[in-house]
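Quick note: numbers below take in every heavy atom, side chains included, and nothing from hydrogens, waters or symmetry partners. Position 1 is the first residue of the sequence; numbering continues from there. Keep in mind that what you see is a predicted model, and the values were worked out from it rather than measured. One-based numbering, in listed order, for ligands and for the atoms of each.
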Amino acid sequence: MKIIDAHLHFSKCGHFDAIASAAGHENTAAHLERVFAEQNIVLGIAMGEMGGTRIPGVCTPRTPEFSGMGTPDGELPPFIAWCAGVESGEIDRKTLSRSLELFSAVLRKKNCVGLKFYPGYNSFPLSDPRHDPYFELAEAFDVPAVIHTGELSGRGGLLKYAHPLAVDEAAVRFPRVRFVMAHYGNPWIVDATATAAKNENVFIDLSGLAAGNFTCGWFCKKYFAHLDHIRHWLTYLDAWDKVMYGSDWPLVNIPAYIEVVRTLVPEEHREKVFFGNALRVFPKLAPPAGL
Ligand SMILES: [Zn+2]
């Protein structure tokens, strides 16, 4: 089965090297390329990271922060596309046009395929009008807005802004923008399901439901009830064209996580969830430009 990983991190930021080894991986492009080849993963979509290099006073597009990960000339390898990260707290009316120019420039690149928002970590409501010009940009470039929904790591952010219901309001106000609820809003699975069921422009990625290095058997036994809960609500939603596989690498062991996600998806829907849906949600990946 051919796979697109619709949500990962390709970054030397923070503790990603240590996190990768805890998941049984090495946080290098060569290692990821080898895992991709072994698992028939043809492409990964890396999220623009928070923090990192910036232009003072301007909301600057955040890259995956791949320095030390990319090719020697600093480019991303061909098996990685990316979403430009938006730092909500940096958006400033006075420098908005400069910021939008910078975002437009990266969105003109073939491998920049979406925008990524972190309202929970940034402690800003997604409904704050500061985000509107960026949603308009997503519409103009026909790329999705990927929203971190669900649990937050660390104590800095605010969970209330990471709740999947926040995506409902954005999806209603911007009906021509595709919104991806990253991590299925976990553990607010029921609320995320209602949001996806109501809005035809809302999609789900299944990344980040687990972290670390484990066997599928161990994980499925330990988290049987939670996996059953997720399976139950995916079945209730019954919209398999809205659901995408993602790993959140380097947080998790990829082969084991693929096995876990396979247990959530009926066989007849796996091609869509693991591959086809990503091409529709991220159309810049689709032929003739990409895959
Ligand atoms: Zn992530």
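By the criterion of a separation under 2.8 Å, the protein N/O/S atoms near the Zn ion (ligand 1) amount to H7 NE2, H9 NE2, D248 OD1.
The residues D132 and R173 are annotated as salt-bridged, a charged nitrogen and a carboxylate oxygen being separated by less than 4.0 angstrom.
Distance alone, capped at 3.5 Å, is enough to place a donor-acceptor pair between the N277 side chain and the V243 backbone.
Annotation: Y118 is not in aromatic contact with F124 [ring centroid separation under 6.0 Å not met]. Under the 6.0 Å cut-off for aromatic ring centres, W188 and H163 qualify, their centroids lying closer than that.
For the side-chain contact (heavy atoms from CB on, under 4.5 Å) test with I254, the passing option among I3, I41, D248, L8 is I41; the others fail. For the pairing with V273, the side-chain contact (heavy atoms from CB on, under 4.5 Å) check across V265, I204, L264 returns one residue only, V265.
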